[in-house]
Amino acid sequence: MTNEPSLLDDLYREIILDHYRTPRNHQEMEAPTCSAEGANPLCGDTVTVSILLADGRVQDIAFGGQGCSISQASASMMTEYVKGRTVQEAGDGARAFQQMMTTGEPQDLEGFDDIDALRGVAKFAARVKCASLAWKTLEQALDGRAEPVTTDERTESND
Amino acid sequence: MTNEPSLLDDLYREIILDHYRTPRNHQEMEAPTCSAEGANPLCGDTVTVSILLADGRVQDIAFGGQGCSISQASASMMTEYVKGRTVQEAGDGARAFQQMMTTGEPQDLEGFDDIDALRGVAKFAARVKCASLAWKTLEQALDGRAEPVTTDERTESND
Amino acid sequence: MTQTDMDVQQRLPFDLDRIRRDFPILKREIHPGKTLVYLDNAATSQRPVQMIAEMTRFYRDHNANIHRGVHTLSIEATDLYEQARQRIARFINAPRAEEVIFTRNTTEGINLVAHSWGRKFLQEGDEVVITEVEHHSNIVPWQMLRDERGVVLKYIPMLPDGTLDLDYARQVIGPRTKLLAVTAVSNALGTITRLDELIPMARAQGALVLVDGAQSVPHMPVDVQALGCDFMAFTGHKMLGPTGIGGLWARMELLEAMDPFLGGGDMILTVTMAQSTWADVPAKFEAGTPNVAGAVALGAAVDYLEALGMDAVRAHEVEITDYALRRLGDVPGVSIFGPPQAQDRGGVISFELEGVHPHDVGQVLDTHAVAIRTGHHCAQPVMAALSVPATARASFYIYNTTEEVDRLAVALEEVSRFFGVRA
Amino acid sequence: MTQTDMDVQQRLPFDLDRIRRDFPILKREIHPGKTLVYLDNAATSQRPVQMIAEMTRFYRDHNANIHRGVHTLSIEATDLYEQARQRIARFINAPRAEEVIFTRNTTEGINLVAHSWGRKFLQEGDEVVITEVEHHSNIVPWQMLRDERGVVLKYIPMLPDGTLDLDYARQVIGPRTKLLAVTAVSNALGTITRLDELIPMARAQGALVLVDGAQSVPHMPVDVQALGCDFMAFTGHKMLGPTGIGGLWARMELLEAMDPFLGGGDMILTVTMAQSTWADVPAKFEAGTPNVAGAVALGAAVDYLEALGMDAVRAHEVEITDYALRRLGDVPGVSIFGPPQAQDRGGVISFELEGVHPHDVGQVLDTHAVAIRTGHHCAQPVMAALSVPATARASFYIYNTTEEVDRLAVALEEVSRFFGVRA
Ligand SMILES: Cc1ncc(COP(=O)(O)O)c(C=O)c1O
Ligand SMILES: Cc1ncc(COP(=O)(O)O)c(C=O)c1O
């Protein structure tokens, strides 16, 4: 419940700060197959996800937006994970990520090693929705739905 | 503020209980010159006052209604006081009574000796409006106004 | 203690001495040598030290505003607030914690429904059915809605024994009925209403049901799912909790469909100068800084009641009410209103004493340190139906003893003597 | 203590050590060896033991429901509740105690005006003017009224320095303006609005004025008569009081003319199944059992503030804000929003730290036990006007010291280091 100083390293693992400072796939995409915008108005976090699909695979992915280190690092890591995978695998990843945020348990999924660094966020109720935003926006983009995603669900977070 | 048992005798002076058990002028009047109805819906007290005026004097007065001992005794004593007096004197009595309820001070008024027994009511915020109802209704009857009186003023009572 | 008293005491389902120690006010000498006998529980209960301690602990250790805070105190305060919501939801067996909206009291909960559901979903000519035994809180909001929206307001009358006229109910609840709003227990008479009959009648007509749980949630096991109602309002101060906090439970689909109630901080998702959008339930209905400490302390009150067990709480009240019905029935000049059997009542006894106005009864009892309520009990229509200006009302809770009932009875005899009603 | 610090400490108008002893939470070690630095006072203040004690005393010694009770506890509770109303009325120099309505919080007070005054007296096309620096509580209720009633909602924009555009105000406040609703102090930026200019503008057009006093009543002398406003809403939890209690002051003629707000017990004079009539002000607006203990405890909070003296409270905040503006201004990467001079602000400083999102600033400060708020502060339009997603905000109160400001400043330097923003 409380933020012990020692926990801080759990939250801000070096690899997270690295993704925050040097985000991967943080660019615009000319002609995406599908895309979605996510926002967390209470925090001011925004994420856009653009995807180029071909043969049921994510050929390319890009993200934009602004927000805290957790939301931006999570988006960056998400793009690395998703790139080259099938739509099915991307969806599995999004579900596994949610699972990790809810339970704090490691997820046994190929390619999730770096992402495991975000597991410490589960201990920070106020930050879970920062980390989740990119993944929810990913799901929305893949669903081809157009409405903006929000992560304002009180049940999941106290932020 | 509190109801000390010793205060009880201040409230229920023998003369008050006597007026309650044997109310004076508690009857109907055939053809009053003026009359008024008073109610205190929060307590369920009601008082009607009927007056026969001639030559600027209260020739006859009657009251009806139901309520607690304080409201009924006060009505009974009020009729005894008012009977035979001028309209001016009746109004002076009503004002003196209000004054007595607000300050708890004796009132130097001819014919107020018995009524002084109600002075103890001033210590019982919750009962002041019971005692005042008859007098307010009297004033209303004399004003010749038709609207019913109420004593629901939070400022004057906490009942 | 009299012999009868001891017999009953032994059958009482829990340790009264231990419970009474948790309520220091019960030791107060209201007048020299005269210890408080608190029999005004239908108005508000007393508070156990555990609840007060929880509130103090919140203010001394965890105090912060909730939601959106990233600092430790704010996270703790938010957790405590949401945990209280969960405990209260479990207490009434709500399917989801988010279905419990924190309100100030029962009254605000009912007004919230009238405002956010009624003004959105009721058309001119739609019918709302209430009953003649309702507290003003479950009458006035519907009259206001009627006057504003042309809704038709009907009611189920009361029979002379204080129960509702169920035959009449079957006629008045019809295809145009959109809502039945009914109390679980009458605060003025103690009558337990027949929700088992009334709720199915309303549902058969496709109407929703709001239950005023102000007098049931504190006193007996309440299960909103078993009842089959749609809304349930209740109040913390009658169930060992602090003042200024209560709850409204409603089914999630309804809460989602309803308009917001008050506008402001915490109930929004986005605000621009042009337009706003709403947060999810329950936040949508909790504008502004809520009574955080009050909610947390209500959680502690619920824990206290759960530790006793609501079946035991109810059993205690039936025992003591049964005792009181017999004991007061023996006092010369006392007549008791409402159902004759303790089983058919909450722990409430409304009565009159021949020849003495209720106000005077209450006043003289107070000199014996016996606290009862006198007046219309915010149920003027009940008074009108009984043709009395007011009643005297004694009402019980977990800490009351048969000894206290005896003190009430003895004091009533003295009241009669004082007013010279009996030789 | 640094030298600067000691200089300032000596000029502070009251005995901080003594005051801090009244707030035990300030001794809490949030993390081992790290004592709380509470700088989230604009969200809610901490509570002195005196307030908590008053509330405990109420529950342990005088607890009862108010009004209509003839027994000792009820009379005592009623007296304490009404005395609190008088103390609060005196605190804001209200002409009459009955003009103070007890509400849950500022938000409810503003909604009450929108509902009971707005829906009765505003016609389609009438104009309500607000400002771009309002808290959501003073925006959303008016948007809801606009959407329901076709009232026109206009606003006075904010200039880049966080003050209001008074030239624009002179244009937007016109003959169709029926109400100006404006905050006394912006909670997001600290700006003290120019009520001395704005209120006369509105009055000259015959408009009424509602002042959101949530951030002024706790922090500076407030006199509703001197201001010349018509409504003033404020909240107890920001002024040492408990959660769940606040006040709305309004002029008596307005309160008398307004419709009731919530319907139920205590706000009626008579109820029949057919029709009800309303009680006098303030009861008309206080339906149901109020937060009695909360009101009484708010009275104690007001006593505490009055004993310090509101001039001294304000002087302390100016000192500490002045110190903080300079101290934070020296921290590399910090930029401060809002007016540059402490005199033009409440004790609120909103800022950003270059290269670090406010959420991360708040999170890392928390590991230093420094509690600040991050986010939009329920003022999304202010964020939009500043083109920032959120800000970090430190806000002060009577117990804060310059030493605590130093701890904030040092911690901010560590935040920059942690995120590698500066070498
Ligand atoms: C300026 C202002 N107005 C209104 C409010 C709302 O106060 P409450 O949440 O107590 O209703 C606040 C508190 O955040 C505020 O700062
Ligand atoms: C049956 C019933 N309904 C509603 C209420 C109103 O409760 P509150 O005053 O807490 O809103 C009461 C309390 O007197 C009650 O007994």
Side-chain angles (χ1 to χ4, degrees), chain C residues 24-25 28 30 43-44 46-47 52 56 59-61 63-65 68-73 104-108 111 132 135-137 139-141 143-144 155 237 242-245 262-265 268 271-273 276 287-289 291-294 359 362-363 366 371 373-375 378 380-381, chain D residues 24-25 28 30 43-44 46-47 52 56 59-61 63-65 68-73 104-108 111 132 135-137 139-141 143-144 155 237 242-245 262-265 268 271-273 276 287-289 291-294 359 362-363 366 371 373-375 378 380-381:
Chain C
I25 203 170
R28 178 168 161 197
I30 296 291
T44 201
Q46 292 301 337
R47 330 291 183 198
I52 300 171
T56 303
Y59 283 132
R60 292 181 71 120
D61 295 343
N63 177 65
N65 211 325
R68 289 185 311 287
V70 79
H71 61 80
T72 300
L73 292 181
R104 175 172 38 240
N105 50 27
T106 305
T107 304
E108 191 186 26
N111 278 273
E132 205 174 10
H135 187 281
H136 294 163
S137 290
I139 300 175
V140 182
Q143 290 181 340
M144 289 165 76
Y155 68 93
H237 67 90
T243 52
I245 191 79
L262 307 184
I268 57 87
V271 174
T272 69
M273 292 314 285
S276 302
T289 304
N291 188 351
V292 184
H359 247 211
Q363 188 87 55
D366 184 62
R373 188 134 303 225
T374 65
C378 291
Q380 290 183 2
Chain D
I25 203 170
R28 179 168 161 197
I30 295 291
T44 201
Q46 293 301 338
R47 330 291 182 199
I52 301 171
T56 303
Y59 283 132
R60 292 181 70 121
D61 294 343
N63 177 64
N65 211 326
R68 290 185 310 289
V70 78
H71 62 79
T72 300
L73 292 180
R104 176 173 36 243
N105 50 28
T106 305
T107 304
E108 191 188 26
N111 278 272
E132 204 174 12
H135 187 279
H136 294 162
S137 291
I139 300 175
V140 182
Q143 290 181 341
M144 289 166 76
Y155 68 93
H237 67 90
T243 53
I245 192 79
L262 308 183
I268 57 87
V271 174
T272 69
M273 292 313 284
S276 301
T289 304
N291 188 353
V292 185
H359 247 211
Q363 189 87 54
D366 183 62
R373 186 132 305 223
T374 65
C378 292
Q380 290 183 3

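Order of the sequence lines sets the chain letters (A, B, ...), proteins ahead of strands, with each chain counted from 1. Just the heavy atoms: all of them, side chains too, but no hydrogens, waters or symmetry mates, feed the values below.
- Contacts of C:L262 with chain D are made by both backbone and side-chain atoms, with heavy-atom separations under 4.5 Å.
- With a 4.5 angstrom heavy-atom cutoff, C:N105 touches chain D only via side-chain atoms.
- Heavy atoms of C:T272 lying under 4.5 Å from chain D belong exclusively to its backbone.
- For D:H135, the ring-ring contact (aromatic ring centres under 6.0 Å, His included) criterion is met by no residue, not counting sequence neighbours.
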inquiry  = Applying side-chain contact (heavy atoms from CB on, under 4.5 Å) to D:R47 and C:R60, what does each step give before you reach the verdict?
reply    = CA-CA 8 Å; D:R47 330 291 182 199; C:R60 292 181 71 120; over 6 Å; no
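- Nearest heavy-atom pair across C:I25 and D:Y59 is CD1-O, 4.0 Å.
- Side-chain atoms of D:T106 and C:T289, non-hydrogen and from C-beta on, never get closer than 4.5 Å to each other.
- Counting all heavy atoms, side chain and backbone alike, C:V271 lies closest to D:P381 at O-CD, 3.9 Å.
- Between the D:N65 side chain and the C:T44 main chain, no donor and acceptor come within less than 3.5 Å of each other.
- Both the backbone and the side chain of D:M273 come within contact range of chain C, judged by heavy atoms closer than 4.5 Å.
- Heavy-atom distances place both the backbone and the side chain of D:N291 under 4.5 Å from chain C.
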Stepwise side-chain contact (heavy atoms from CB on, under 4.5 Å) test for C:I268 and D:Q143 = CA-CA 12 Å; C:I268 57 87; D:Q143 290 181 341; over 6 Å; no
